[in-house]
Novice: 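I have a structure here, written as structure tokens, and I will follow up with some questions on it.
Every heavy atom of this structure was used, including side-chain atoms; hydrogens, water molecules and symmetry mates were not. The structure displayed is predicted, hence computed values, not measured ones.
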Amino acid sequence: MTDNKARLGEGVFLVADVAKILELPLPKVRFWLLEFWNKKFGLEHGKYSFGEDKNRAVNFLTLIEFIAFAKLREQGISAQRIQKFHKHLSGILDTKYPFAETKLLTDKKDLWYERYDEIVRHDGKSQMTLKKIVEPYLRKIEFDKNRIARRYFPLGKAKNVVIDPEHQFGQATIVGTNIKVKTIYALYEGDESIENICELYNLKESKSQMQ
């Protein structure tokens, strides 16, 4: 299969952008992209990135899958097990981006996913198992009506910073606007008053807009 192509409305995130969002070392993120997405996950679906080797980029759904991968690794789930889980879900959901199209859960021992309002354990046998629901590992993602990741709130949904592939190619913006967060922050760091910034960009004065 051919490489992915950058498409309008799907976001464009360089590996450096992904590393910054996840607060992870750039070499680790680059390794994950090459070894897991493009080589292992990509065996059936083709590459998950586009662009030149030193300037690879991914779309919004791959970004969300990176976030899922990182969170599962933080919980002690092995990369190999996550790979099997990804392949399992990909077949069940018939999608290239299963981690972006379902809510994942873990209790550090088992892997679970939500399907048809049931919590299903991934145990290699696809058995339906009822269990007390553990807290979703991703509370910062907003899903659409089809349960596909739509927006990501890096600071949490209580803050006014959002990553939305339909705005500024996925660069962080102020919720409800097309204003880049880095634009506001640059003015703030340049000692521009909050009052002037708000007046210039028609924003309401709020600490959450400056954090």
Side-chain angles (χ1 to χ4, degrees), residues 4 10-26 28-49 56-116 118-124 126 131 133-144 146-157 162-165 170 172:
N4 285 350
E10 292 186 2
V12 177
F13 303 89
L14 295 174
V15 177
D17 295 328
V18 178
K20 185 175 182 180
I21 291 170
L22 294 180
E23 298 182 331
L24 289 174
L26 180 60
K28 176 180 286 189
V29 174
R30 183 177 288 115
F31 173 80
W32 285 355
L33 176 63
L34 296 177
E35 292 299 317
F36 289 93
W37 272 265
N38 282 353
K39 289 186 179 179
K40 294 183 172 65
F41 297 168
L43 287 176
E44 296 181 5
H45 300 295
K47 292 185 177 180
Y48 281 72
S49 61
R56 306 298 294 181
V58 300
N59 64 20
F60 177 71
L61 293 181
T62 300
L63 168 67
I64 295 300
E65 292 224 316
F66 263 104
I67 294 169
F69 188 93
K71 294 300 180 181
L72 292 175
R73 290 292 290 122
E74 284 179 4
Q75 295 299 314
I77 307 298
S78 72
Q80 290 73 23
R81 193 174 179 194
I82 297 172
Q83 180 191 349
K84 292 180 180 179
F85 188 40
H86 188 277
K87 183 176 181 179
H88 175 76
L89 283 182
S90 181
I92 289 178
L93 302 177
D94 189 27
T95 177
K96 178 178 179 177
Y97 306 104
F99 289 176
E101 298 190 21
T102 188
K103 291 184 179 180
L104 307 181
L105 312 108
T106 181
D107 57 4
K108 299 186 179 182
K109 178 181 178 182
D110 293 319
L111 289 167
W112 306 72
Y113 61 95
E114 184 178 292
R115 189 184 188 205
Y116 304 130
E118 292 279 2
I119 302 302
V120 185
R121 185 176 70 189
H122 173 248
D123 56 6
S126 300
K131 179 181 179 176
I133 302 175
V134 294
E135 288 293 320
Y137 74 98
L138 280 179
R139 299 179 182 178
K140 299 178 180 180
I141 294 178
E142 179 180 288
F143 292 86
D144 64 17
N146 296 315
R147 297 188 179 184
I148 297 175
R150 175 172 173 262
R151 302 195 295 175
Y152 178 66
F153 294 80
L155 303 179
K157 294 180 180 179
V162 66
I163 292 175
D164 185 336

Novice: Keeping the roles fixed (side chain from S90, backbone from T95), state whether a donor-acceptor pair exists under 3.5 Å.
Specialist: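 Yes, because the side chain of S90 sits within donor-acceptor range (under 3.5 Å) of the backbone of T95.
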Novice: Between the side chain of K140 and the main-chain N/O of G156, is any donor-acceptor distance below 3.5 Å?
Specialist: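 Between the backbone of G156 and the side chain of K140 there is no qualifying donor-acceptor contact (under 3.5 Å).
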Novice: Rounded to the nearest 0.5 Å, how far apart are CG of L61 and NZ of K96?
Specialist: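 One gets 10.0 Å once the value is rounded to the nearest 0.5 Å.
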Novice: Nearest 0.5 Å, what's the CD1-OH distance between I148 and Y97?
Specialist: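 Separation between the atoms: 11.0 Å.
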Novice: So do the side chains of L63 and I67 get within less than 4.5 Å of each other, counting heavy atoms only?
Specialist: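 A side-chain contact exists here, since the closest heavy-atom pair is under 4.5 Å.
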Novice: Kindly indicate whether the side chain of P165, heavy atoms from C-beta on, has any atom under 4.5 Å from the side chain of N59.
Specialist: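 Contact flag for P165/N59 side chains = no.
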Novice: Answer whether the closest heavy-atom distance between the side chains of I21 and Y152 falls below 4.5 Å.
Specialist: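 Side chain of I21 against side chain of Y152, heavy atoms only: contact under 4.5 Å found.
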Novice: Where is the tightest heavy-atom contact between V12 and A57, given as atom of each residue plus distance?
Specialist: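 Where V12 meets A57 most closely, the heavy atoms are CG1-CB, 4.0 Å.
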Novice: Does the plane of the ring in W37 sit parallel, tilted or perpendicular to the ring in H86? Use 30° and 60° as the thresholds.
Specialist: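 Aromatic pair W37/H86 classed perpendicular.
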Novice: Whether the side chain of R73 engages the backbone of I77 through a donor-acceptor N/O pair (distance < 3.5 Å, no angle test) should be reported.
Specialist: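 Answer holds: yes.
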Novice: Between L93 and E101, which heavy-atom pair has the shortest distance, and what is it?
Specialist: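 Closest pair (atom of L93, atom of E101, distance): CD1-O, 4.4 Å.
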Novice: Does the side chain of E65 come within less than 4.5 Å of P98's, by heavy atoms?
Specialist: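 Of all side-chain heavy-atom pairs linking E65 with P98, at least one is under 4.5 Å.
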Novice: Taking atom NZ of K28 as the centre, does the number of heavy atoms from other residues, nucleotides or ligands within less than 6.0 Å exceed 12?
Specialist: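 No, not enclosed.
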Novice: Is the closest side-chain heavy-atom distance between I64 and F99 below 4.5 Å?
Specialist: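 Side-chain contact under 4.5 Å: no.
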Novice: Quick one: pull up CG in L14 and CZ in R30 and give me the separation to the nearest 0.5 Å.
Specialist: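 That separation rounds to 10.0 Å.
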Novice: If you draw a 6.0 Å radius around NZ in K20, do more than 12 non-hydrogen atoms from other residues or ligands fall strictly inside?
Specialist: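 No, the 6.0 Å shell around NZ holds no more than 12 heavy atoms from other groups.
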Novice: Checking E142 side chain against R150 main chain: does a donor-acceptor pair fall under 3.5 Å?
Specialist: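 Pair absent, no side-chain N/O of E142 close to backbone of R150.
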Novice: Counting only heavy atoms not in D144 (residues, nucleotides, ligands), do more than 12 fall under 6.0 Å from its CG?
Specialist: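 Yes, because the 6.0 Å sphere around CG of D144 holds more than 12 heavy atoms from other groups.
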Novice: Does the side chain of R56 come within less than 4.5 Å of L33's, by heavy atoms?
Specialist: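 Heavy-atom side-chain distance check passes, below 4.5 Å.
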Novice: Could you pull out the closest heavy-atom pair between Q83 and K40, with the gap in Å?
Specialist: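 Shortest heavy-atom separation between Q83 and K40 comes out as OE1-CD, 3.2 Å.
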Novice: Assess the residue pair F69 and F36 against the criterion (ring pair (Phe, Tyr, Trp, His ring centres under 6.0 Å)); give the C-alpha distance rounded to whole Å, side-chain angles, the decisive distance to 0.1 Å, and a yes or no.
Specialist: CA-CA 10 Å; F69 188 93; F36 289 93; 5.3 Å; yes
Novice: Of all the heavy-atom pairs spanning A149 and F143, show the shortest one and how long it is.
Specialist: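 Reported closest heavy-atom pair: N-CD2, 3.6 Å.
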Novice: Please report the interatomic distance CZ(F66) to CG(L24), rounded to the nearest 0.5 Å.
Specialist: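 Interatomic distance, F66 CZ to L24 CG, rounded to 0.5 Å: 10.0 Å.
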